[in-house]
Peer 1: 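After the C-alpha cells below, expect a handful of questions from me.
Given the structure is predicted, the values throughout are model-derived calculations rather than measurements. Residue numbers start at 1 and run along the sequence shown. Remember, it's 1-based here, ligands and their atoms both numbered in the order they're listed.
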Amino acid sequence: MIKILKVETNHKYELEIRHLYNAFFQGEKNIVIKSDICDNKIYTELKDENVHLKDCREYNEKNDLKRAVYDILKSHFEEGLEWGILTGIRPTKIVVDLKLKGKTDEYIISMLEKNYYMSEEKSKLLIEVVNNEEKKVRLNKIDDSINVYINIPFCPSRCYYCSFMSMDYTKYDIDLYVEDLIKEINEITQKKHILSVYIGGGTPSILNEIQLEKLLLTIRKKFLGKYEFTVEAGRVDTLNRKKLEVMKKYNVNRISINPQTMNDSTLEAIGRKHTSKDVIDIYNIAREVGFENINMDIILGLKNEGVEEVKYTLSEISKLNPESITMHVLSVKTNSDLNRNIEEEFLQYKEEIRKMILEVHDLSSALNMNPYYLYRQKNILGGFENIGFAKDGKECVYNIHMIEENTEIIPIGIGATGRKFEKDKIKRIKNSKNMVKYIREV
Ligand code: SF4
C-alpha cells in the first residue's frame, strides 16, 4: 500500500502538484500522478487501482500545468476546489496588484475565475478583503515607514497542532534573552516612521512582569510616536492582571487573547493548560484594565470537534464581543494529525469544515465585523483559508502589511523573520533559530 502520493515529473513543479493534490485530499491513497513537459506540450496522467486518466495540452506557462493537474484531479475526485489552482499563501496579492493597475472588480473576478479556476464566492471574498485592507492602510509599496516584529519563542507547553517556533521556557534563561532583545532594539539605527510594533511568538506573555516592563519601556523609548502596538497575549495560562496593567502602562493598544476553542475537553486534548472559564476571566480583566482592541483566535478542525462544537465556541466568543476574530483552519503536518484518512470520510469532513467557516462568517457579521486579511497555508485542511475579521477601524495594521509585503519589517529576536526592499525586490530576513548563535550575533 502506497501511503503517500507518488509524483513523477520531468520538470521542477513537483511541489506545486503535491500542494494541489493536498488541497483535494489528505490521507492514505494509492495514487500516482505523472506530469511531463515536452515540445511545448504537457502530458498529465493519474493512476490508482481503478482508473487511468490522461490529458495532453499546450504548455506556455506554469499555470497551464497546474490547470492540467487540477482538471485531472477534479475528474478523479468528482468535485473542484473553491480556490482553484491557487496554492500560494497570499492570494490577496494578485488582487492588490490588479487594483493598483486600475482594473475593476468585475475584471478581477472574471480573471480569477478564468485563469485560476476560482469560485465566484472566493473571488468576491478576496475583493472584499482587499477593499477592507485599503480602508485601513496604503497598499502600494511604502518606503517611508516600517513595521517591527519581536519574537518571544517560549511557551508553557506545546500545543499538539503547533507549527511555530516554540521552546520550553523552563530550559532557557529568559532574563538573559530579554537583555539581548533590549541590546538588539537599542542597536537599531533606522529613523523611518513606525507603522506598527508586533510582539509575537511563541507566547510573549510568558515574560514575567519585570521582564515585560523592561522590554516595553525599551520599545517605547526607542520607537517614538503613535503606532499600532500589539502583544500576543495568546495563552491565558500565562496571563494575569499585573501583566495586563504593565502592557496598558506602555500603551499597548491591541492584544490577542486566543482561546482556539471554548470546549474544555478539546482544550485539554490539544495540550493547553487552561479552561474556557480562564479565558472568560482574563478577558474580563483585560477589559477592566482598559483594553479596547482585543482579538481572539480560533481554530477549525481540531481533534474531535464538529460543527456543533464550533458553534458553541462562537456563541461563547460572541458573548465576550471582541473587536476582532482570527479564524484558522488546522494545518495538517502529517497524516497522523488527521484521523480521517479514508477518502469518503475526508470529503465529508471537508464539507463539515466548510460549514464551520460559514458559521464564523455569520458570527462575524452579527458582531459587525468584516474580513480584512486572508492567507492560506500549505497543507491547510481541505485547502481552505485563514481569515481575520474586525470591526471598523480595529483591523490589525501589522497583519495586513505582513501579508501584502508592501513595507519593510525589522525582525528582532531569535527566529524572527522580517523583510527589506532591495531595488524592486523584497528580501526576507531571518534571524537565527539557534539560541547560542543568536546570543553570539547580538
Ligand atoms: S501557544 Fe502557539 S506557539 Fe506556543 S505551542 Fe501553542 S501554538 Fe505553538
Peer 1: Indicate, with yes or no, if the rings of Tyr169 and Phe154 have centres closer together than 6.0 Å.
Peer 2: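 Centroid separation for Tyr169 and Phe154: 6.0 Å or greater.
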Peer 1: Does this structure show an ion pair linking Glu79 with Lys74, if we count only N-O contacts that are shorter than 4.0 Å?
Peer 2: no
Peer 1: Let me have the donor-acceptor pairs involving side chains of residues 409-421, under 3.5 Å, with sequence neighbours excluded, atom names and distances please.
Peer 2:
unit_1 : atom_1 : unit_2 : atom_2 : d
Arg419 : NH1    : His401 : O      : 3.3
Arg419 : NH1    : Thr407 : O      : 3.2
Arg419 : NH2    : Met402 : O      : 2.5

Peer 1: Can you list everything that forms a salt bridge (charged side-chain N to carboxylate O under 4.0 Å, His left out) with Lys391? Sequence neighbours excluded, please.
Peer 2: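 Testing Lys391 for salt bridge (charged side-chain N to carboxylate O under 4.0 Å, His left out), a comparison that skips the adjacent residues, returns none.
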Peer 1: Looking at the rings of Tyr70 and Tyr117, which for Trp means the six-membered one, are their centres under 6.0 Å apart?
Peer 2: yes
Peer 1: Would you list the protein N, O or S atoms within less than 2.8 Å of atom 8 (Fe) of ligand 1, leaving out water?
Peer 2: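 Listed by chain and number, the atoms are Cys162 SG.
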Peer 1: Give the atom numbers and elements of ligand 1 that come within less than 4.0 Å of a heavy atom of Ser157.
Peer 2: 5 (S)
Peer 1: Distance-only check: which donor-acceptor pairs under 3.5 Å involve side-chain atoms of residues 241-251, not counting sequence neighbours?
Peer 2:
unit_1 : atom_1 : unit_2 : atom_2 : d
Arg241 : NH1    : Glu288 : OE1    : 3.4
Arg241 : NH2    : Glu288 : OE1    : 2.5
Lys243 : NZ     : Ser205 : O      : 2.7
Lys243 : NZ     : Leu207 : O      : 3.2
Lys243 : NZ     : Thr238 : O      : 2.7
Lys248 : NZ     : Gly290 : O      : 3.3
Lys249 : NZ     : Glu213 : OE2    : 2.5
Tyr250 : OH     : Glu213 : OE2    : 2.6

Peer 1: Angle between ring planes, Tyr227 versus Phe229, binned at 30° and 60°: parallel, tilted or perpendicular?
Peer 2: tilted
Peer 1: Against heavy atoms of Arg235, which atoms of ligand 1 measure under 4.0 Å?
Peer 2: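 It comes down to these atoms of ligand 1: 1 (S), 6 (Fe).
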